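I have placed the structure first, in the form of structure tokens, so that the comments after it can refer back to it.
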Amino acid sequence: MKGFNVSFFKRSFISSLVILIFSINLSFTKEALPSDIQGSSIVKEDKSTSEMFIVVIDPGHGGDNDGAVGPTGLKEKDITLKISEMLKEFIKERSGAKVILTREKDEFPSIDERTYVANNNESDIFISIHTDADFDPKKKGFAVFYFDPDYRNINPRLLKKKDKDIILWDNVQLKFVNKSRILAEAIKKSIDEQDFSENTWIKKAPLSILKGARMPAIMITVGYISNPEEEMRLKDVVYLTRIAEAIYKGLERYRERDKEDETPKG
Amino acid sequence: MRHRRAKKKEVNKRLWGIVFILSFLFIVTFFYYYPIKEGIKKEKEVLSQRVITSKGDVKRVKLFFSSIDGETLITESRQIIDESYGVERAKKAIIELIKGPFEKGMQTIPKETKLRELYIDNNGLAYVDFSKEITQNYPKGVWTEVLGVYSIVNTLVFNFSEIKQVKILIEGKEAETLAGHIDIEEPFKDNISIVNFN
């Protein structure tokens, strides 16, 4: 009985130690993962079973966070969700790629959680949909943003050696900035083919949602909801469908170019 | 006799040679050092002007506002009259920025916003603390937010040599964003690439 007790305690001690070491390891290997979302219920899709093209779409804002609100009360969070759902349908029906939304209803996942959905599902492309707003109610136009890598004083010489080996959340997107710019250009081209706006800008900005994304990632703003004229247009479902279709065509344009780049020449 | 004369001629030749070399060296050193001396003189004048302005009087600052089309930042020169030193002047510049442009351009910060505090640490990091109106009354646009952040950062870094980076606080605390899209928890350096100086 005594011997049993000793071995029982020994085993318990060893197994607790193993569990402890395992959890410590796990917490260190979760590269650039914010602590507040480690317990998230988001389930990682197993990409190895299917080599499908995966697109993660982020409908901006949601829940208590309305985003920008138009002069007659139209909310950005509702427009972004509608366009995202439409875009999902276009991609699924026409290309057969897999599409995941960062939110499917009126809720507010944190910015890091949204990026994490794209990273954890090993998404090939990450698109965040927003509307824009300005102090000037006359301001209008579309824009496609990619990450601006030059916005902070990160001097690599000041980093300690051990820090150099760790990929910081802030630096994850740096590797994909060029592809993100090409994706932005492809989508701008498709938007320009429609008559949505006189202007579609490509801009780089230090956007929180893009900085931790481990794939080509962009944000699209589909007009200024603060402009009464553009707000009216954003209420029209047909107009929203046309925007979703233009974004889908831009994606296809990017994929074709990407395939050409990857095909060996000769 | 002839021999002595020839020798004298040779000595004269050598003397002339030495005079020529010396004058050449003099001219070269004069043209080399004169501009440096003038530069130092000018620098001293500028420094003395700075000393005068830092005692009070008038200082001209460049404020960064949004262009009319809302695409870039533009600058507006404005005089700050104040009897105080460094950090107080930086505060004045931000208060002027909140007032919005007097000439052309658009505001970048809601006019109801109040500057709560501004201080500069030893590493040249300025902490600028705004009242909650800066987020509550912000239009929540993406590019507007980019211009808003850099109008504050550029105004401080461009005008005050002691400021190298800027961290924005709201109601005395770190804040995630101004309008929901840009992480302001970390300090920003200036961004001149979005400024149209014409």
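Predicted model only: the values in this text are computed from it and were never measured. Naming convention: chains lettered A, B, ... in sequence-line order (proteins, then strands); numbering from 1 in each chain.
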Is [Y] close to [X] at the side-chain level, that is, under 4.5 Å between some pair of heavy atoms?
| X | Y | value |
| --- | --- | --- |
| B:Trp143 | A:Phe145 | yes |
| A:Pro206 | B:Tyr150 | yes |
| B:Ile68 | A:Asp136 | no |
| B:His181 | A:His61 | yes |

Look at atom [atom1] of [X] and say whether more than 12 heavy atoms of other residues, nucleotides or ligands are closer to it than 6.0 Å.
| X | atom1 | value |
| --- | --- | --- |
| A:Lys88 | NZ | yes |
| A:Lys82 | NZ | no |
| B:Glu112 | CD | yes |
| B:Lys62 | NZ | no |
| B:Glu176 | CD | no |
| A:Asp236 | CG | yes |

Contacting moiety of A:Thr221, where chain B heavy atoms sit under 4.5 Å:
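For A:Thr221, side-chain heavy atoms alone lie under 4.5 Å from chain B.
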May I ask you to name which of [options] has the most heavy-atom pairs under 4.5 Å with chain A?
| options | result |
| --- | --- |
| B:Ser66, B:Gly148, B:Pro110 | B:Pro110 |
| B:Ile194, B:Val142, B:Asn191 | B:Val142 |
| B:Thr144, B:Thr177, B:Thr108 | B:Thr144 |

Where on B:Val146 is there a heavy atom nearer than 4.5 Å to chain A: the side chain, the backbone, both, or neither?
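Just its side chain gets close to chain A.
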Under 4.5 Å from a heavy atom of chain A, the part of B:Ser193 involved
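No part of B:Ser193 comes within 4.5 Å of chain A.
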Measuring from atom CG of A:Asp134 to atom CG of B:Asp69, what distance do you get when rounded to the nearest 0.5 angstrom?
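Here the interatomic distance stands at 10.0 Å.
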Close contacts, residues 65-72 of chain A versus chain B, judged by heavy atoms under 4.5 Å
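Contacts with chain B: A:Gly67, A:Ala68.
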Is any residue of residues 13-23 of chain B within less than 4.5 Å of chain A by heavy atoms, and which ones?
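The list, in residue order, is empty: none.
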Holding to side-chain contact (heavy atoms from CB on, under 4.5 Å), I want the full list of residues that pass it with B:Leu118, two or more places apart in sequence or in another chain.
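Applying side-chain contact (heavy atoms from CB on, under 4.5 Å) to B:Leu118 gives B:Val87, B:Ala90, B:Lys91, B:Ile94, B:Ile120, B:Val128, B:Leu156.
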Side chain to side chain donor-acceptor pair (under 3.5 Å): which pairs involve residues 137-146 of chain A, sequence neighbours left out?
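Residue pairs passing side chain to side chain donor-acceptor pair (under 3.5 Å), neighbours aside: A:Lys139-B:Glu71.
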